[in-house]
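Just so we're clear, the structure is a prediction, and the values are computed from it rather than from any experiment. Protein chains get the first letters and strands the later ones, always in sequence-line order, with residue 1 at the start of each.
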Number of protein chains: 2
Amino acid sequence: MPGDNVGKPQMVTCTAPVNIAVIKYWGKRNEELILPINSSLSVTLHQDQLKTTTTVASCRSFQEDRIWLNGKEEDVNHPRLQSCLREIRRLARKRRSDGDPSVDVTFLSHKVHICSVNNFPTAAGLASSAAGFACLVYTLAQLYGVEGELSGIARQGSGSACRSMYGGFVQWIMGQRADGKDSVAQQVEPESHWPELRILVLVASAERKPVGSTSGMQTSVETSRLLKHRADSVVPDRLKQMIEAVHKKDFAAFAELTMKDSNQFHATCLDTYPPIFYLNNVSRQVISLVHQYNRHCGETRVAYTFDAGPNAVIYTLQEHLAEFVQVVRHFFPPESNGEKFFKGLPVDHAVLSEELTKDICLEPMPKGISYIISTEAGPGPCVMQDPIQHLLGADALPKKNV
Amino acid sequence: MPGDNVGKPQMVTCTAPVNIAVIKYWGKRNEELILPINSSLSVTLHQDQLKTTTTVASCRSFQEDRIWLNGKEEDVNHPRLQSCLREIRRLARKRRSDGDPSVDVTFLSHKVHICSVNNFPTAAGLASSAAGFACLVYTLAQLYGVEGELSGIARQGSGSACRSMYGGFVQWIMGQRADGKDSVAQQVEPESHWPELRILVLVASAERKPVGSTSGMQTSVETSRLLKHRADSVVPDRLKQMIEAVHKKDFAAFAELTMKDSNQFHATCLDTYPPIFYLNNVSRQVISLVHQYNRHCGETRVAYTFDAGPNAVIYTLQEHLAEFVQVVRHFFPPESNGEKFFKGLPVDHAVLSEELTKDICLEPMPKGISYIISTEAGPGPCVMQDPIQHLLGADALPKKNV
């Protein structure tokens, strides 16, 4: 793969996954290096449903670095993008000077064309920057023939991107060093560890664009006393318990920790000054629905978690999936019952007992959820071998259909 | 006043105020004695707008204790009501045994009829139990000729009732003793201290009845790590700052502490498991409106605070009142513009600049607020001298119009 330095562009295409934290990251101790105030843990979602694809081309003849995101050319001078480019090239040079002859130093100075697309709408509110930066770093590493630990570079693109560098269950260890070298992601268990686990993304009909996470967490760090306490005193224990729950595949423990941590994150947003609200009426109805459903079942079968937006991500087990999807459909009657409402892994049909729907004291909220994506845990970034999958054409510009 | 023990009922009528905390009480360390996990501070609202009136009659011939609340007879055996009756009689007996001959011990054993009404709708969601228990304890104390510290008894009816025993700015000192004897209210400043301060109650059109505060705070104490931290580490400093702001009449400091403390209380509700939500869409629009209005003005002119429900209580100064009322009217267009929407102390008309309404990025929310009550800080409980104000007739039953 590494450049044989001719006039024809070298091209690599890779894909990377979205991840959804169950122990949340909120707040940086170093803005520039993106070092968090606490460790976090996430589940990597399967790329069959949600992924970013990135092609990077490099050529001696390129005049300048360029980037296209979801079909639109963007400013390549974005500082975080530049951080990733600089760091991966620095790592490649270091490998070379450490004696790896496969790294071509001249090639590293060539300009690049980057083209990246998501297979899910931005409106899904799924931290697309995590998959995006993970994919960029992974693809550049392939291009430059760099192997080994790359999550520390992805982290400098977008904090949570470091967790998208691995499949399955991944922790981002906050680290202690001022230079951030020990702030990296680590796989806790692979995706094959818990095959029964299922994930639903409930895309809420959002009213307005919420406060961005970068500025939101900065204000939280500056103003919330509760956030500091959470990071220092609550998360360390909770993370240990979560890792244990994952190891043991103890769904009830996993689910309760997930819900508590989501709520605590949103509590620290409310303790921010001025306060930040990410949950809307739909989110609150989902929260209430999950608690009432679990109470009805007499056990914790379903968990919710919310990032910096109103969409719920639901964790459950295969055996309860069909019923819960039907419960969601009942309390959020969709506009149409067609396929538009339901995407992803197929789910069996289930019939709800009257007892169940009566026991849940909620008014149905029509059209509150615009669609559901059904998925599962999946692997980390992958290289696409077939050139047909390149997003850039022979002219190193985005193909027509991108 | 104390009983001359004839066949005719002895009757006393008093009024007591509502209070609105600016440093919130949430969580008990002792459920039975109602001892809080942190000290709190409130402003007593003026009884011209919001008050409870209570008549207590006592007579040798009464067969049993009876109570009428807002025209409806209720169970007199409510444990907290019994606590107040028992404690006030115990105090009266103690005064007698301490040598005060004016206390008639026989009279203390007579049954009582209690009749209590609020001059504001329960729907206003203004902790009516605080005014109610303060009024009950104060009226019983008048009947039995007991003077001095009574807030510790009111506290045993409803925690925040102890703060309604004084006018102006009142702190409830949490105390340290296991028997609760040092958990009492104390006036920080009288109502005359800050005559420019104004208070608006914005009654939100509530969707449903929220979780009651007694069970809510119990769940919070059991499950919220953030609540414990708040009580132990945040409130003590914040209370000192608040008392200083009140002493200095520093509105900006008072307002910011008030908003931060309201938000932190609601944050701990969200950190409760399962989470508790008291704020609804209307509440969030009020919060956003206040922050945007203050930002537009370049200074903190208005503060919000929310108790265990969606209604906002607004603190501002006389000079800004008219404009802010107009701002509320603009962003929550009332159903009718008549008097029904606006109650209480009159407010001048103000015209909003286009610049102001444009600078506030909010969609108006028609009918989100059902009405506004305008008031100010006011005095503590009062005795009604005129027998015409008794709520019980000569037959010791509620008068027809009660």
Approximate separation, where rounding is to 0.5 Å, of B:Leu257 CG and A:Tyr273 OH: 9.0 Å
Closest-packed option against chain B by number of heavy-atom pairs under 4.5 Å, given A:Met259, A:Arg230, A:His229: A:His229
Looking at B:Val234, B:Asn294, B:Asp261, which has the largest count of heavy-atom pairs under 4.5 Å with chain A? B:Val234
At a heavy-atom separation under 4.5 Å, does A:His266 approach chain B through its side chain, its backbone, both, or neither? both
Rounded to the nearest 0.5 Å, what's the gap from CG on B:Asn281 to CG on A:Asn280? Could you check? 7.5 Å
Here the gap from A:Ile287 atom CD1 to B:Phe277 atom CZ, rounded to the nearest 0.5 Å, amounts to 3.5 Å
Start with the C-alpha gap between B:Leu270 and A:Arg284, add the side-chain angles, then the distance that decides, and say whether side-chain contact (heavy atoms from CB on, under 4.5 Å) holds. CA-CA 11 Å; B:Leu270 185 42; A:Arg284 284 192 299 280; over 6 Å; no
What part of A:Leu226 gets closer than 4.5 Å to chain B, counting heavy atoms only: side chain, backbone, both or neither? both
A side-chain contact here means heavy atoms from C-beta on lying under 4.5 Å apart; do B:His291 and A:Pro275 qualify? yes
Has A:Lys228 got more than 12 heavy atoms of other residues, nucleotides or ligands less than 6.0 Å from its NZ? no
I'd like to know if the side chain of B:Arg225 reaches the main chain of A:Ser233, judged simply by a donor and an acceptor atom lying under 3.5 Å from each other, with no hydrogens or angles considered. yes
